[in-house]
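One is the number of the first residue; the rest follow in order along the sequence.
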Amino acid sequence: MTSAPLASRLRVPSGPLFFPVTAYGPDGALDLDTFRAHVRGGIEAGAAAVFACCGTGEFHALTPEEFQECVAAAVDETAGRVPVVAGAGYGTALAVRYARLAEEAGADGLLAMPPYLVVAGQEGLIRHYTELAAATSLDVIVYQRDNAVLTPESVVELARADGVIGFKDGLGDMDLMQRTVSAVRSEVPGDFLYFNGLPTAELTGLAYRGIGVTLYSSAVFCFAPDIALAFHRAFNAGTPEGDAVVNRLVDGFYRPFVELRALGRGYAVSLVKAGVRLGGLDVGPVRPPLHEPADEHVKRLAELVEQGRALLGDAKGTV
């Protein structure tokens with residue numbers, strides 16, 4: 001059932017949903033000062049929410065202690081201006097532990113990552129997410145991707161569960177997503193939140209908007225907030241002029257970026273982190289098992305960012 005505070009703050013965001021990278025120092029240890037600067041810069045650039053220690057933030061690579069320190073730092077930097085949602089994952093016992101650490105750190109909600117390794121049946125997935133939602137007072141957004149794919153009937157059951165306020169789709173099966181939205185709309189009263197959670201969600205934004213999903217995660221906001229913010233404004237305008245800007249950015253920036261991202265495994269994180277470093281903030285490399293992008297790919301990323309900013313100049317005043 002929808003809980004008003006977090007759900008209402010996310011429903012019509014004033015800017016992109018920000019998924020910050022996690023910063024490491026030269027010795028590989030957590031660099032909280034740089035992480036704070038990254039979060040602070042995102043808020044000042046117009047982020048509507050901070051999703052800390054999620055996929056882009058290398059949740060998989062953080063110890064529980066590092067996780068809690070990062071979430072607490074994000075909460076401190078936001079100072080209530082925008083909500084902070086923290087990742088929680090692995091098996092149910094560990095997911096609950098991370099959820100409680102996030103609650104102690106002051107987070108406003110949880111993004112429930114897929115369970116570790118196993119391919120579970122629907123009954124087990126429902127039990128996993130309902131037990132996680134019951135473990136704290138935090139609202140939960142369930143993240144569908146990889147080994148956690150839910151039927152429309154299962155999402156209906158989760159939408160009825162206390163504490164589950166939304167569903168983030170990282171699968172990209174539009175037929176399944178349409179049937180899910182329709183089933184929940186038909187059977188569960190109230191407004192359940194849906195998010196486009198594909199790695200570069202802007203590319204598929206218009207397709208998701210066609211089935212009523214307008215919320216999305218923006219990794220590009222980490223390293224090119226001006227491009228991501230311009231896209232967000234044009235996308236949410238919902239006008240022919242706005243959609244023209246969206247299509248111009250998709251054709252000239254987002255599609256080439258996705259094609260570049262596809263050149264390396266783990267680039268959905270490591271290429272984003274390289275982009276943050278290109279912008280002048282040294283957030284360090286990714287941790288193993290991820291690896292750094294090739295030099296020629298980082299060079300191409302720099303060219304794409306300039307190309308995207310040139311498109312913003314062309315579109316100035318359109319929206």
Side-chain angles (χ1 to χ4, degrees), residues 6 17-40 42 49-79 83-118 120 124-125 127-143 145-148 163-164 168 170 197 217 219 222 266 268-270 272-273 283-291:
L6 178 61
L17 304 180
F18 177 31
F19 286 66
V21 302
T22 298
Y24 309 122
D27 60 353
L30 196 64
D31 184 348
L32 281 177
D33 289 341
T34 301
F35 176 73
R36 283 174 172 274
H38 182 44
V39 171
R40 186 165 58 248
V50 174
F51 283 68
C53 305
C54 296
T56 310
E58 297 180 79
F59 170 79
H60 69 277
L62 299 173
T63 67
E65 295 77 17
E66 290 173 328
F67 167 86
Q68 188 173 40
E69 287 183 282
C70 278
V71 175
V75 169
D76 187 51
E77 287 298 329
T78 61
V84 174
V85 179
Y90 303 118
T92 306
L94 273 176
V96 166
R97 181 182 178 193
Y98 278 95
R100 289 172 175 161
L101 290 172
E103 185 174 39
E104 290 172 9
D108 299 285
L110 300 169
L111 179 63
M113 316 288 274
Y116 172 70
L117 192 61
V118 296
L125 289 171
R127 181 180 174 189
H128 172 76
Y129 293 120
T130 53
E131 287 189 11
L132 175 60
T136 73
S137 65
L138 301 181
D139 289 327
V140 175
I141 298 163
V142 174
Y143 190 4
R145 58 175 293 171
D146 301 327
N147 60 323
V164 178
K168 181 180 179 182
S217 53
C222 286
V269 178
S270 63
V272 170
K273 211 163 190 182
V283 290
V286 290
R287 282 179 172 174
L290 297 180
H291 69 279

Trainee: State the CZ-OH distance between Arg287 and Tyr24, to the nearest 0.5 angstrom.
Mentor: 4.5 Å

Trainee: Quick one: CZ on Phe35 to CD on Glu69, what's the gap to the nearest 0.5 Å?
Mentor: 11.0 Å

Trainee: Run the ring pair (Phe, Tyr, Trp, His ring centres under 6.0 Å) test against Tyr129 and tell me which residues pass, sequence neighbours left out.
Mentor: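 None.
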
Trainee: Got Arg97 and Phe67 here, is their nearest side-chain heavy-atom distance under 4.5 Å?
Mentor: no

Trainee: Quick check against the 3.5 Å criterion: does Glu58 have a side-chain atom that pairs as donor or acceptor with the backbone of Val286?
Mentor: no

Trainee: Could I get the full list of salt bridge (Lys or Arg N to Asp or Glu O under 4.0 Å) partners for Lys168, not counting sequence neighbours?
Mentor: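 Result, salt bridge (Lys or Arg N to Asp or Glu O under 4.0 Å) vs Lys168: none returned.
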
Trainee: Checking the side chain of Asn147 only, and the main-chain atoms of Val118 only, is there a donor and an acceptor separated by less than 3.5 Å?
Mentor: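 Checked: pair present.
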
Trainee: Are Leu30 and Thr22 side-chain neighbours, meaning at least one heavy-atom pair lies under 4.5 Å?
Mentor: yes

Trainee: Any side-chain heavy-atom pair from Thr56 and Pro20 closer than 4.5 angstrom?
Mentor: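 Answer no - side chains too far apart.
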
Trainee: For Tyr90 and Met113: C-alpha separation, side-chain torsions, deciding distance, then whether side chain to side chain contact (heavy atoms under 4.5 Å, CB included) applies.
Mentor: CA-CA 7 Å; Tyr90 303 118; Met113 316 288 274; over 6 Å; no

Trainee: Could you please spell out the steps behind the side chain to side chain contact (heavy atoms under 4.5 Å, CB included) verdict for Leu132 and Val142?
Mentor: CA-CA 10 Å; Leu132 175 60; Val142 174; over 6 Å; no

Trainee: Look only at the side chain of Ser270 and the backbone of His291, and say whether a donor-acceptor pair between them is shorter than 3.5 Å.
Mentor: yes

Trainee: To the nearest 0.5 Å, what is the distance between CG on Leu101 and CD on Glu66?
Mentor: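 Here the rounded value is 12.5 Å.
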
Trainee: According to salt bridge (Lys or Arg N to Asp or Glu O under 4.0 Å), does anything in residues 19-37 pair up with another residue at least two apart or in another chain? List the pairs.
Mentor: Arg36-Asp76, Arg36-Glu77

Trainee: Which heavy atom in Ala112 sits nearest to a heavy atom in Val140, and how many Å separate them?
Mentor: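 Closest approach of Ala112 to Val140: CB-CG1, 3.9 Å.
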
Trainee: Any sub-3.5 Å donor-acceptor pair from Tyr143's side-chain atoms to Gly197's backbone N or O?
Mentor: yes

Trainee: Would you mind reporting whether Val21 and Val272 have side-chain heavy atoms less than 4.5 Å apart?
Mentor: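 Yes - at least one pair of side-chain heavy atoms lies under 4.5 Å apart.
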
Trainee: Short question: side chain of Asp108, backbone of Val84 - any donor-acceptor pair under 3.5 Å?
Mentor: yes

Trainee: On the 0 to 90° scale, with breaks at 30° and 60°, tag the Phe51-Phe19 ring pair as parallel, tilted or perpendicular.
Mentor: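 It falls in the parallel class, under 30°.
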
Trainee: Checking side chain to side chain contact (heavy atoms under 4.5 Å, CB included) for the pair Leu290/His60: CA distance, chi angles, key distance, verdict?
Mentor: CA-CA 10 Å; Leu290 297 180; His60 69 277; 3.9 Å; yes

Trainee: Find the distance between CG (Leu110) and SG (Cys53) and round it off to the nearest 0.5 Å.
Mentor: 11.5 Å

Trainee: Would you say that Cys222 contacts His38 through its side chain, given a criterion of any heavy-atom pair below 4.5 Å between the two side chains?
Mentor: yes

Trainee: Between Val75 and Ala107, what is the shortest heavy-atom contact and its length?
Mentor: CG2-N, 3.8 Å

